[in-house]
Chemist: 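Can you keep this structure in mind? I'll have questions shortly.
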Amino acid sequence: MSKRIDINNLNVYYSQFLAVEDVSLSIEPKAVTAFIGPSGCGKSTFLRTLNRMHEVIPGGRVEGEVLIDGVDLYGKDVDPVTVRRHVGMVFQRPNPFPTMSIAENVLAGYRLNNKRVSNSDAEDLVESSLRGANLWDEVKDRLNKPGSSLSGGQQQRLCIARAIAIKPDVLLMDEPCSALDPISTLAIEDLITDLKDQYTIVIVTHNMQQAARVSDTTAFFNIAGTGKPGKLIEMNDTTTMFSTPSEKATEDYISGRFG
Ligand SMILES: Nc1ncnc2c1ncn2[C@@H]1O[C@H](COP(=O)(O)OP(=O)(O)OP(=O)(O)O)[C@@H](O)[C@H]1O
Ligand SMILES: [Mg+2]
């Protein structure tokens with residue numbers, strides 16, 4: 001079930017260092033939102049606050065609110081483990097468990113949350129998740145081979161299958177294609193477009209064409225200089241952002257004059 005996210009006045013710290021300052025924005029369900037901006041402006045840091053992964057880093061803390069369908073992720077009685085079951089994440093480098101089989105990789109996250117699963121339910125979940133990640137046809141005859149036996153692009157789709165197997169509401173992706181060739185990149189982009197019917201998707205990308213191709217809404221973050229916090233400069237529907245941005249900094253960044 002796709003959900004909306006409302007972030008209100010979020011400050012994100014590493015100990016005393018304010019890495020991202022005063023961000024307020026809304027992320028629509030059943031849509032793809034792209035975060036763009038120069039290296040070090042806090043895109044990954046901000047993304048990790050949306051499933052409480054930031055606080056896993058020593059000194060990592062936030063101020064402000066992240067509401068998912070109106071419920072504050074940082075509310076007193078909210079369990080971060082439950083949050084991560086509802087907000088899945090795919091990382092820059094495909095990270096399947098290398099010694100686990102393809103099928104066991106798909107089930108890995110699900111098994112963490114559900115102690116017992118019958119063999120036939122497990123088989124169904126493996127198939128539906130791999131189909132959802134557009135990988136089924138390529139691996140259906142070798143489900144017991146190790147995850148590490150796949151190509152990079154296939155490994156990334158396996159990680160997406162693992163993420164969707166837990167049936168999250170939101171999928172966060174931090175540069176999911178940066179380690180992939182152009183063909184695998186297009187496969188992932190097609191998959192993202194398919195998945196947005198079901199999930200709220202947030203993607204960080206350095207690739208402007210990718211942001212333009214896959215996202216409905218784009219948010220541009222920037223940083224005034226080393227040691228300064230990253231800030232949200234503007235956010236709008238992607239077509240507007242790439243044709244007529246309001247801010248000069250956005251225009252400079254997307255036209256490659258900077259960053
Ligand atoms: N674990 C950490 N401890 C302390 N500071 C960190 C940590 N991780 C990131 N930072 C700092 O937070 C700021 C934002 O980093 P972040 O990785 O979020 O940027 P980014 O926009 O994702 O950059 P890139 O495009 O290079 O991935 C940077 O100044 C970075 O050095
Ligand atoms: Mg990053």
Side-chain angles (χ1 to χ4, degrees), residues 1-29 31-93 95 109 112-113 159-160 163 166 168-176 178 192 196 199-206 211 215-224 227-235:
M1 238 235 308
S2 185
K3 294 196 169 169
R4 69 174 284 118
I5 311 175
D6 296 287
I7 295 127
N8 297 321
N9 305 107
L10 201 75
N11 290 318
V12 193
Y13 292 87
Y14 292 99
S15 301
Q16 299 310 309
F17 173 55
L18 177 60
V20 179
E21 183 172 24
D22 197 23
V23 174
S24 298
L25 60 83
S26 293
I27 294 169
E28 297 297 325
V32 178
T33 299
F35 292 168
I36 62 170
S39 184
C41 71
K43 302 176 299 295
S44 299
T45 300
F46 181 66
L47 192 74
R48 287 192 295 262
T49 67
L50 306 184
N51 73 345
R52 295 192 58 168
M53 292 267 289
H54 176 67
E55 69 204 49
V56 172
I57 299 162
R61 64 194 171 90
V62 307
E63 295 163 355
E65 280 183 338
V66 178
L67 307 176
I68 300 215
D69 270 5
V71 178
D72 188 0
L73 277 190
Y74 291 93
K76 272 202 176 54
D77 40 7
V78 175
D79 172 11
V81 176
T82 311
V83 169
R84 288 173 211 132
R85 199 164 70 214
H86 292 282
V87 186
M89 187 146 185
V90 174
F91 299 87
Q92 185 167 6
R93 302 215 158 265
N95 58 351
L112 281 178
N113 297 307
C159 293
I160 293 173
I166 60 170
D169 305 313
V170 179
L171 262 185
L172 309 176
M173 302 189 176
D174 194 351
E175 300 189 53
S178 64
I192 291 171
K196 81 172 177 184
Y199 303 101
T200 307
I201 298 180
V202 186
I203 178 173
V204 172
T205 180
H206 278 277
S215 74
D216 302 284
T217 304
T218 298
F220 172 62
F221 293 80
N222 204 357
I223 184 172
K228 296 270 182 2
K231 292 185 181 184
L232 174 67
I233 303 301
E234 69 176 297
M235 180 169 184

Chemist: Which pair of heavy atoms, one from T205 and one from A211, lies closest together, and at what distance?
Modeler: CG2-CB, 3.9 Å
Chemist: Please check: side-chain N/O of T218 versus main-chain N/O of A34, any donor-acceptor pairing under 3.5 Å?
Modeler: no
Chemist: Below 4.5 Å, heavy atoms only, C-beta onward: do C159 and F91 meet side chain to side chain?
Modeler: no
Chemist: Quick check for you: to the nearest 0.5 Å, what is the distance between I7 atom CD1 and L50 atom CG?
Modeler: 5.0 Å
Chemist: For residues 20-27, which side-chain N or O atoms pair as donor and acceptor with protein atoms under 3.5 Å away, sequence neighbours left out?
Modeler:
| residue | atom | partner | partner atom | Å |
| --- | --- | --- | --- | --- |
| D22 | OD1 | N9 | ND2 | 3.0 |
| S24 | OG | N9 | N | 2.9 |
| S26 | OG | D6 | OD1 | 2.6 |

Chemist: Do the side chains of N51 and V170 get nearer than 4.5 Å, heavy atoms only?
Modeler: no
Chemist: Quick one, T33 with E28, criterion side chain to side chain contact (heavy atoms under 4.5 Å, CB included). Give me CA distance, side-chain angles, the key distance, then yes/no.
Modeler: CA-CA 8 Å; T33 299; E28 297 297 325; 5.7 Å; no
Chemist: Ring-plane angle category for F35 and F46, please: parallel below 30°, perpendicular beyond 60°, tilted otherwise.
Modeler: tilted
Chemist: Which pairs would a plain distance check flag for residues 65-74, meaning a side-chain donor or acceptor within less than 3.5 Å of a matching protein atom at least two apart in sequence or in another chain?
Modeler:
| residue | atom | partner | partner atom | Å |
| --- | --- | --- | --- | --- |
| E65 | OE1 | N8 | ND2 | 2.9 |
| D69 | OD1 | R4 | N | 3.1 |
| D72 | OD1 | V66 | N | 3.4 |
| D72 | OD1 | Y74 | N | 2.9 |
| Y74 | OH | T49 | O | 2.7 |

Chemist: Can you check whether P168 reaches V87 side chain to side chain, under 4.5 Å on heavy atoms?
Modeler: no
Chemist: Could you tell me the separation between the CG atom of N222 and the NZ atom of K228, rounded to the nearest 0.5 Å?
Modeler: 12.5 Å
Chemist: So, the side chain of D174 versus the backbone of Q92: is there a donor-acceptor pair under 3.5 Å, distance only?
Modeler: no
Chemist: Under the side chain to side chain contact (heavy atoms under 4.5 Å, CB included) rule, what do R48 and I57 come out as? Steps first, then yes or no, please.
Modeler: CA-CA 10 Å; R48 287 192 295 262; I57 299 162; 3.8 Å; yes
Chemist: Show the nearest heavy-atom pair for residues I166 and R85, with the distance to one decimal.
Modeler: CD1-O, 3.6 Å
Chemist: For R84, give me all partners under side chain to side chain donor-acceptor pair (under 3.5 Å), at least two apart in sequence or on another chain.
Modeler: none
Chemist: If you draw a 6.0 Å radius around CZ in R61, do more than 12 non-hydrogen atoms from other residues or ligands fall strictly inside?
Modeler: yes
Chemist: Distance check, rounded to the nearest 0.5 Å: H206 atom NE2 versus K43 atom NZ?
Modeler: 4.0 Å
Chemist: Indicate, with yes or no, if the rings of H54 and Y14 have centres closer together than 6.0 Å.
Modeler: yes
